[in-house]
Amino acid sequence: MEKMLKKTSQEYKMENIYYPLETKVLDVITETPTIKTLVLKPPVEIPFKAGQFMQLTIFGVGEAPFTPSSSPYHLETMEITILKAGHLTEAVHQLKAGDNVGLRGPFGKGFPLEKFEGKEILVVGGGVGLAPLRALLNDLFHNLNKYKRVSIKYGARNPSELSFQRQYDDWKKLLHVDFECTVDRSDGKWSGKVGLVTELLENTGIDLNNSYAVSCGPEIMLKFVTLKLLSVGFKPEQIYLSMNRKMSCGMGICGRCNIGPYYLCKDGPDMNYAKIQKYPDVFG
Ligand SMILES: Cc1cc2nc3c(=O)[nH]c(=O)nc-3n(C[C@H](O)[C@H](O)[C@H](O)COP(=O)(O)OP(=O)(O)OC[C@H]3O[C@@H](n4cnc5c(N)ncnc54)[C@H](O)[C@@H]3O)c2cc1C
């Protein structure tokens, strides 16, 4: 048993890449009516880079890809934030503390953080797309002195669908960090901005010559965010898109997640727009 606990996740993968690590659910946090965060306790620490993803197994139901939303610097637990979308995620939303799930991974490349150093980073999230970006934010916040500015723009369908609301005040207190959110539709009590997240990209004050933009959200949102970023002066090379397109194996075998010659599972899921812009199926 002791020997097993000392194995790294890499050793497990080397033994069998299809092997899901049995992992305890420590807690389930309700973020919104449709989004929950699982707090997981893997039997061994699973080192990952912000933007890399895991395959989560619900035993007897199936497996699907999800990106950790927790910090790559706090590996005792791993958080994964999940929107109820269909068969598997319905089962995820039934989970309770004490249940077991399976984890394989991490897969994918993750964000090129070394490129981001010394730059202003514009982080644009839509809906549950803020979850994969939260791992990136946790990493940026951990090394805040390496970046000139972190500007977060977030949009959700309505006020109750804004995830991680409990953290916004803490984020706003950080030096060189600003946060702004908007909702598509107000609920009457909402006193914040109403409109699409693209409207928050009009006047960011970002130093365009010294910045990168990173976005994650539904494909339709990624399309219009990309068009807006280009229209305000970002170059394709400065835009990274976290593409959470449907995929299966996570290892570049099944061929379900290609954009041109790229496999989002292996080459992404965080893709530089300059690499993929010429392919017709970029936004689904
Ligand atoms: C790399 C990666 C990272 C991801 N990270 C997260 C995350 O952190 N949090 C999160 O909530 N979700 C994430 N997703 C999406 C998640 O994998 C899907 O929502 C999940 O597979 C749906 O499974 P299901 O069985 O519940 O839905 P299904 O029953 O398979 O499908 C329900 C409906 O959702 C559609 N659908 C399923 N998967 C996707 C998808 N990937 N994109 C668009 N539509 C889809 C189906 O076409 C169908 O209409 C990620 C996807 C990828 C590829």
Side-chain angles (χ1 to χ4, degrees), residues 31-35 51 69 81 83 111 116 119-137 140-141 147-174 176-245 270-274 276-277 282-284:
E31 302 286 354
T32 79
T34 62
I35 298 173
S69 58
T81 301
L83 170 75
F111 293 106
F116 294 174
K119 307 285 182 195
E120 299 194 8
I121 313 299
L122 177 62
V123 178
V124 188
V128 77
L130 191 61
L133 295 174
R134 184 173 170 247
L136 171 68
L137 291 173
L140 298 177
F141 296 163
Y147 309 98
K148 287 191 89 174
R149 177 180 168 192
V150 178
S151 181
I152 309 159
K153 309 290 180 189
Y154 177 45
R157 270 177 291 164
N158 58 57
S160 67
E161 282 302 330
L162 288 162
S163 34
F164 309 119
Q165 293 194 42
R166 59 202 151 88
Q167 301 202 296
Y168 301 164
D169 285 342
D170 292 339
W171 293 352
K172 286 184 204 166
K173 282 182 202 148
L174 296 168
H176 312 307
V177 175
D178 52 272
F179 173 87
E180 203 179 8
C181 65
T182 181
V183 296
D184 299 353
R185 284 179 305 281
S186 170
D187 62 359
K189 283 178 265 163
W190 174 249
S191 57
K193 285 202 161 62
V194 178
L196 299 176
V197 72
T198 44
E199 292 168 30
L200 303 182
L201 306 178
E202 296 278 357
N203 299 302
T204 56
I206 288 274
D207 174 6
L208 283 176
N209 295 320
N210 195 29
S211 63
Y212 281 101
V214 182
S215 187
C216 184
E219 284 186 343
I220 188 75
M221 171 246 170
L222 285 184
K223 177 178 177 176
F224 287 102
V225 164
T226 303
L227 293 175
K228 176 61 82 176
L229 291 171
L230 293 170
S231 80
V232 299
F234 279 86
K235 297 191 184 73
E237 297 75 25
Q238 291 174 282
I239 302 172
Y240 279 86
L241 303 175
S242 183
M243 316 281 288
N244 289 351
R245 177 174 290 195
D270 318 299
M271 297 296 294
N272 188 276
Y273 183 59
I276 54 174
Q277 60 178 334
V282 172
F283 297 110

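The figures here come from the full heavy-atom set of this structure, side chains too, leaving out hydrogens, waters and symmetry mates. Everything quoted here is computed from the prediction, not taken from an experiment.
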> Would you call Lys228 and Glu202 a salt bridge, using N to O less than 4.0 angstrom?
Replying inline: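 Glu202 and Lys228: salt-bridged.
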
>> I'd like to know if Lys148 pairs up with Asp207 as an ion pair, taking the criterion as any Lys NZ or Arg NE/NH1/NH2 lying under 4.0 Å from an Asp or Glu carboxylate oxygen.
In response: no

> In terms of the angle between their ring planes, are Phe179 and Trp171 parallel, tilted or perpendicular, with boundaries placed at 30° and 60°?
Replying inline: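 Perpendicular.
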
For the pair [X] (side chain) and [Y] (backbone), establish whether a donor and an acceptor sit closer than 3.5 Å, ignoring hydrogens and angles.
X      : Y      : result
Glu237 : Tyr212 : no
Thr32  : Leu162 : no
Gln238 : Lys235 : yes
Tyr147 : His176 : no
Glu161 : Gly155 : no

>> Using the rule given for side chain to side chain contact (heavy atoms under 4.5 Å, CB included), can you reason through Leu137 versus Val150, listing the C-alpha separation, both sets of side-chain angles and the distance that settles it, and then say yes or no?
In response: CA-CA 8 Å; Leu137 291 173; Val150 178; 3.9 Å; yes

Looking only at heavy atoms, which two atoms of [X] and [Y] are closest? And how far apart?
X      : Y      : value
Leu201 : Val124 : CD2-CG2, 3.9 Å
Ala131 : Thr81  : CB-CB, 3.6 Å
Val177 : Ile152 : CG1-CD1, 4.0 Å
Asn272 : Pro236 : OD1-O, 3.6 Å
Cys216 : Asn244 : SG-ND2, 3.6 Å
Met221 : Ser215 : CE-OG, 3.5 Å

> Would you find more than 12 non-hydrogen atoms of other residues, nucleotides or ligands less than 6.0 Å from Asp187 atom CG?
Replying inline: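 Check passes, neighbour count above 12.
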
> Taking C-beta and beyond as the side chain, do Leu227 and Val225 meet within less than 4.5 Å on heavy atoms?
Replying inline: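 Of all side-chain heavy-atom pairs linking Val225 with Leu227, none is under 4.5 Å.
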
> Is there side-chain contact between Glu199 and Thr182, with at least one heavy-atom pair below 4.5 Å?
Replying inline: no

>> Applying side-chain hydrogen bond (donor to acceptor under 3.5 Å, both in side chains), can you list everything that pairs with Glu180, at least two apart in sequence or on another chain?
In response: Lys153, Lys193

>> Please determine whether side chain to side chain contact (heavy atoms under 4.5 Å, CB included) holds for the pair Leu122 and Val214, giving the CA-CA distance in whole Å, both sets of side-chain angles, and the decisive distance to 0.1 Å.
In response: CA-CA 6 Å; Leu122 177 62; Val214 182; over 6 Å; no

>> With side chain to side chain contact (heavy atoms under 4.5 Å, CB included) as the criterion, how do Asn158 and Asp184 come out once you've worked through the C-alpha distance, each side chain's angles and the decisive distance to 0.1 Å?
In response: CA-CA 6 Å; Asn158 58 57; Asp184 299 353; over 6 Å; no

> What do the steps show when you test Glu120 against Ser151 for side-chain hydrogen bond (donor to acceptor under 3.5 Å, both in side chains), and what is the final call?
Replying inline: CA-CA 8 Å; Glu120 299 194 8; Ser151 181; over 6 Å; no

> Would Ser163 and Tyr154 count as a side-chain hydrogen bond (donor to acceptor under 3.5 Å, both in side chains) if you check the C-alpha gap in whole Å, the side-chain angles of each, and the deciding distance to 0.1 Å?
Replying inline: CA-CA 10 Å; Ser163 34; Tyr154 177 45; 2.8 Å; yes

> Ring centroid separation for Phe116 and Tyr240, is it under 6.0 angstrom?
Replying inline: yes

